[in-house]
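Structure, as structure tokens:
Since this is a predicted model, take the numbers as computed values, not measurements.
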Amino acid sequence: MKDVNGVELGIFVFFFAAVTVVGFAAARWRRGQTLMHLDEWGLGGRSFGTFVTWFLLGGDLYSAYTFVAVPAAVFAGGAMGFWSVPYGAIAYPIVFLIGPRLWSVAQRHGYVTAADFVRGRYGSRALGLAVALTGILAMMPYIALQLVGIQAVLTVMGVTGSGLAKDLPLFIAFALLAAYTYTSGLRAPALIAFVKDALIYIVIIVAVVYIPTRLGGWGASSTTRERRSPSRTRRPASRPGRCSPPT
């Protein structure tokens with residue numbers, strides 16, 4: 001490690017430790033008689049109301065993917081990274097349309113996972129198993145993306161290395177995540193979501209209000225960006241066979 005930013009690293013370690021403590025403490029939050037029941041561990045005992053669920057969904061949807069991967073894709077490739085905006089606009093209405101009905105059916109029959117619903121609806125254990133395995137496989141790249149996001153943040157702070165030294169922070173983060181998820185179930189991400197969403201709102205306010213104000217307004221902030229990164233803002237030259245927008 002070299003050129004480590006002590007202030008940034010200190011803030012990161014503080015919030016990482018705070019989130020870890022909250023994750024383990026969540027095992028006692030709204031706890032039922034036992035966490036050995038799957039609906040207690042995986043659904044928080046079905047006791048989350050609208051307020052908690054709102055924070056939980058916000059903390060789940062807006063993550064390192066939102067703040068690191070998508071902006072990086074837009075910065076590196078331009079409009080190709082914009083796909084996440086129409087994706088959200090299309091996905092949310094569909095979820096709101098079928099979500100309430102799915103929730104009522106799952107609550108009535110005691111379903112915990114999508115695989116439980118498919119098995120009960122179609123009476124096929126094989127189809128339910130296929131859905132469960134598909135969900136597990138689909139989650140692997142997303143978990144890997146979170147780890148890549150952590151590594152990118154550490155690199156920006158100057159925490160670098162090679163071999164085991166480079167990957168050790170990721171192993172520690174993943175081990176702690178797995179440990180408090182195992183002990184607290186869904187209660188851990190639900191309680192952590194309050195901290196995470198609060199930080200998200202702070203970031204949004206700083207990015208939308210504070211930074212433009214410090215730079216003299218939106219126009220001045222755009223000018224500053226063009227002056228500091230001219231290669232990113234310069235219009236590319238036209239190529240044969242390609243259409244360029246009029247200027």
Side-chain angles (χ1 to χ4, degrees), residues 1 3-16 18-19 54-95 138-161 166-167 169-170 173-174 177 189 192-237 242 244-245:
M1 295 188 297
D3 299 328
V4 176
N5 189 311
V7 176
E8 293 179 354
L9 182 60
I11 295 174
F12 176 84
V13 171
F14 170 78
F15 281 107
F16 185 83
V19 166
W54 186 83
F55 274 95
L56 175 61
L57 291 176
D60 178 67
L61 294 172
Y62 303 106
S63 59
Y65 164 78
T66 309
F67 284 91
V68 178
V70 173
V74 174
F75 186 76
M80 78 168 191
F82 190 72
W83 71 272
S84 60
V85 177
Y87 155 77
I90 295 172
Y92 276 79
I94 296 175
V95 172
M139 188 61 64
M140 293 299 103
Y142 191 76
I143 294 176
L145 179 63
Q146 306 306 308
L147 297 177
V148 170
I150 294 175
Q151 190 173 53
V153 171
L154 293 174
T155 301
V156 170
M157 292 187 299
V159 182
T160 58
K166 179 181 180 181
D167 296 331
L170 301 182
F174 185 80
L177 168 65
I192 290 172
F194 286 94
V195 179
K196 185 177 180 180
D197 288 4
L199 294 176
I200 288 175
Y201 283 124
I202 293 174
V203 170
I204 292 174
I205 293 173
V206 169
V208 175
V209 178
Y210 178 75
I211 294 178
T213 301
R214 291 284 295 178
L215 295 177
W218 285 98
S221 62
S222 299
T223 303
T224 302
R225 178 181 179 275
E226 293 176 1
R227 185 167 59 249
R228 293 183 177 181
S229 303
S231 62
R232 293 294 183 182
T233 56
R234 187 182 300 118
R235 184 185 301 276
R242 292 184 62 183
S244 296

- Query: Should we count CE of Met140 as having more than 12 external heavy atoms under 6.0 Å?
  - Reply: yes
Sorted by chain and number, sequence neighbours left out, side-chain contact (heavy atoms from CB on, under 4.5 Å) with Pro169 holds for Leu154
Sorted by chain and residue number, the side-chain contact (heavy atoms from CB on, under 4.5 Å) partners of Val208 (sequence neighbours excluded) come out as Ile204, Trp218
Sorted by chain and number, sequence neighbours left out, ring pair (Phe, Tyr, Trp, His ring centres under 6.0 Å) with Phe14 holds for none
Sequence neighbours excluded, the answer for side-chain hydrogen bond (donor to acceptor under 3.5 Å, both in side chains) partners of Tyr92 is Tyr62
Of all heavy-atom pairs linking Val70 and Gly81, the shortest is CG1-O, 3.9 Å
One should read off an interatomic distance between Ile150 CD1 and Phe174 CZ, to the nearest 0.5 angstrom, of 10.5 Å
On a heavy-atom basis, the closest approach of Trp54 and Asp197 is O-OD2, 4.5 Å
By side-chain contact (heavy atoms from CB on, under 4.5 Å), Val13 pairs with (sequence neighbours left out) Leu9
The side-chain contact (heavy atoms from CB on, under 4.5 Å) partners of Thr213 (sequence neighbours excluded) come to Val209
Check: What class does the angle between the rings of Phe12 and Phe16 fall in, given that below 30° is parallel, 30 to 60° is tilted and above 60° is perpendicular?
Finding: parallel
